[in-house]
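First listed ligand is number 1; within each ligand, the first listed atom is number 1. Only heavy atoms go into these numbers, but all of them, side chains included; no hydrogens, no water, no symmetry mates. Everything quoted here is computed from the prediction, not taken from an experiment.
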Amino acid sequence: VISYIGIGSNLGDRNSIITSALKEVAKIKDLKILKKSYIYENPASINCETRNEWSKSFLNMAIKISSQGLTPEELLNTLKEIEKKLGRLKSVKWAARTLDLDLLYIQKTSVSTDRLTVPHKELKNRNFVTAPLRDLDVNLCVNGDYTLNLNRSLQNPLPVWMGIANLTPDSFSDGGKLKGPNSFLETLEAWSKSGVHLIDIGAESTRPGAKPITPKEEQRRLLPTLQIYKSFQSSHSNTPALSLDSRNFETIKSCLKFKPKTINDVSGLSDIRILDLIKDSDCDYVLMHSLSVPADLNKTFNKILTTQDATKNIMQWLEAKLELIDKKNISLDRIIFDPGIGFGKTPLQSIELIRSIKKYQNKNLRLMCGHSRKSFMTSFSGNKPSSRDFESVGISLALAKAGVDFLRVHEPEKHIKTHLGFLYAH
Ligand code: ADP
Ligand code: MG
């Protein structure tokens, strides 16, 4: 039987409590953890009975499990034992809790007793449940609604935060910043602590005017860093998952052994052979719309193209690509679509694209935006990309609110912290 369990903690060392809870669940007889969601930080619910010390934020995640011979009631009892063992205080309803384990959903099963309701009563109202469920299964259907849409329809949908790590001497905003293994390790350490979900490692700059590099040079830059990433990951918990930012078949092929969670191909499938690699792996695939890579300021949509026509154009492009993917029998649940802000769009078109981002949610595909520090901001921000973070964070808040599933940003800690403040405010 396949089930989904929610795990939350807002007391004590929340990260290690979640880690211990996962270990305890994994120990349950005839039970297997199939998949883990990302971990989200979220405000505690506050009402008139809440005490100040309880309003500490929660860490929440969910897991997908398969079990044998356990009734829903027995599973609930086992989860309650784990809660008790890891020190949940029996206390007033709204008190902070060391650990909360909820049975969210059981495939093809519904339960309604005094002690247990499945699907969980609050499943559709809680962003800290809908977002992890989206991570586990994009199109899990709960009483007629799909998880992807459930998260988007809430007042505060939760995005996956992807931090950008460029191993390039010439990237547009942070070229040369990650000098050597120590600064990479510092970045990993800091991002693990602040809950960055994915680290997008790339070695080729795609800024306007960048010189393409050979796959060989790309791998020369990437491989040692990926090795460092792997050893860091094996000795730390909560490490951001690996995303590989490459458009080269050879490079992707040589990096699959590092088990990236996503392949971020900004060329939008310019090399169809990449699909064979995706098919034979577990990776999700980011499909980004572009008119040219590297970005070419002379190759943009016609300036006078209306937003509507630009959207239509991008959607047609997407349809054609999805057809190719479908032909390879790759599930569309593994595809993340990025409309490619700044790639082939004039600054105004990029702004309009952001404003009308919801138009791209009509497909059952996860949506990603990479707006951070890009040059469409020059009309209202500094000329130097690295001085555009305040504006980038502001845009992130709007995109998160609109229900964009992935936000790819520089300095992700700034975005995540600001977003947490935003979540506390309404
Ligand atoms: P919550 O998880 O809603 O914040 P509790 O963990 O204190 O609150 O749960 C209160 C009670 O809800 C539990 O004692 C349990 O019997 C009951 N309950 C009903 N349905 C579920 C479910 N699907 N998962 C977990 N507990 C449930
Ligand atoms: Mg509970």
Side-chain angles (χ1 to χ4, degrees), residues 1-12 14 17-26 28 31 33-37 39-51 53-67 70-134 136-137 140-145 147 150-151 154-156 158 423-424:
V1 186
I2 305 284
S3 311
Y4 298 77
I5 293 170
I7 306 177
S9 170
N10 83 326
L11 206 64
R14 300 164 305 169
I17 287 160
I18 288 183
T19 309
S20 312
L22 288 170
K23 279 193 192 134
E24 291 296 326
V25 173
I28 302 173
L31 182 147
I33 298 181
L34 302 176
K35 205 171 169 187
K36 296 173 194 168
S37 78
I39 298 179
Y40 295 86
E41 183 157 19
N42 209 36
S45 53
I46 296 172
N47 68 8
C48 55
E49 294 171 55
T50 310
R51 292 186 206 151
E53 65 269 25
W54 295 344
S55 65
K56 188 171 168 175
S57 57
F58 264 92
L59 292 185
N60 282 101
M61 72 176 296
I63 51 176
K64 179 177 181 175
I65 60 162
S66 77
S67 63
L70 268 177
T71 65
E73 284 75 16
E74 287 165 344
L75 184 54
L76 178 71
N77 289 341
T78 315
L79 295 179
K80 288 193 167 194
E81 274 164 31
I82 296 175
E83 282 181 348
K84 222 157 88 200
K85 178 168 175 186
L86 294 178
R88 178 168 181 178
L89 312 161
K90 237 203 156 97
S91 56
V92 217
K93 182 148 192 225
W94 298 102
R97 56 255 330 248
T98 325
L99 176 65
D100 182 29
L101 294 172
D102 286 337
L103 194 41
L104 300 174
Y105 180 81
I106 306 175
Q107 231 164 39
K108 294 186 194 134
T109 308
S110 62
V111 182
S112 179
T113 66
D114 285 352
R115 291 188 63 236
L116 183 63
T117 311
V118 179
H120 193 283
K121 265 192 202 132
E122 295 297 323
L123 187 149
K124 295 189 183 188
N125 306 324
R126 294 176 166 174
N127 55 357
F128 58 85
V129 172
T130 55
L133 285 179
R134 162 202 59 196
L136 295 174
D137 271 312
L140 179 71
C141 186
V142 182
N143 297 343
D145 290 314
T147 42
L150 283 177
N151 187 55
L154 292 179
Q155 159 150 326
N156 283 317
L158 297 177
L423 291 173
Y424 263 97

Exercise for the section: Report the part of Leu79 (side chain from C-beta onward, or backbone N, CA, C, O) that has a heavy atom under 4.0 Å from ligand 1; answer both or neither where that applies. Expected result: neither

Problem - Value rounded to 0.5 Å, distance of CE in Met61 from CD1 in Ile18 - result: 7.0 Å

Exercise for the section: Evaluate the side chain to side chain contact (heavy atoms under 4.5 Å, CB included) criterion for residues Val129 and Glu122: first the C-alpha distance (whole Å), next the side-chain angles of each, then the deciding distance (0.1 Å), finally the verdict. Expected result: CA-CA 9 Å; Val129 172; Glu122 295 297 323; over 6 Å; no

Problem - Contact partition for Leu103 relative to ligand 1, non-hydrogen atoms under 4.0 Å - result: both

Problem - Contact check: Glu83 vs ligand 1, nitrogen or oxygen atoms, below 3.5 angstrom - result: no

Practice task
Could you pull out the atom name of the N/O/S atom in Asp100 that is nearest the Mg ion (ligand 2)?
Solution key: OD1

Practice task
Take atom NZ of Lys124 as the centre, draw a 6.0 Å sphere, and report whether it contains more than 12 heavy atoms from other residues, nucleotides or ligands.
Solution key: yes

Exercise for the section: Under 4.0 Å from a heavy atom of Arg115: give me the atoms of ligand 1 that qualify, with their elements. Expected result: 15 (C), 16 (O), 17 (C), 18 (N), 19 (C), 20 (N), 27 (C)

Practice task
Compute whether any side-chain donor of one residue and acceptor of the other, for Tyr4 and Asp137, lie under 3.5 angstrom apart.
Solution key: yes

Handout entry: Donor-acceptor under 3.5 Å (Ser9 side chain, Thr98 main chain)
Key = yes

Problem - Non-hydrogen atoms of Leu123 and Leu104 that approach each other most closely - result: CD1-O, 3.4 Å

Practice task
Any atoms of ligand 1 less than 4.0 Å from a non-hydrogen atom of His120? List them with their elements.
Solution key: 22 (C), 23 (N), 24 (N)

Exercise for the section: Give a yes or no on whether Asp102 keeps an N, O or S atom under 2.8 Å from the Mg ion (ligand 2). Expected result: yes

Problem - Numbering as shown, the atoms of ligand 1 that approach Lys80 to under 4.0 Å (heavy-atom distance) - result: 13 (C), 14 (O), 15 (C), 16 (O)

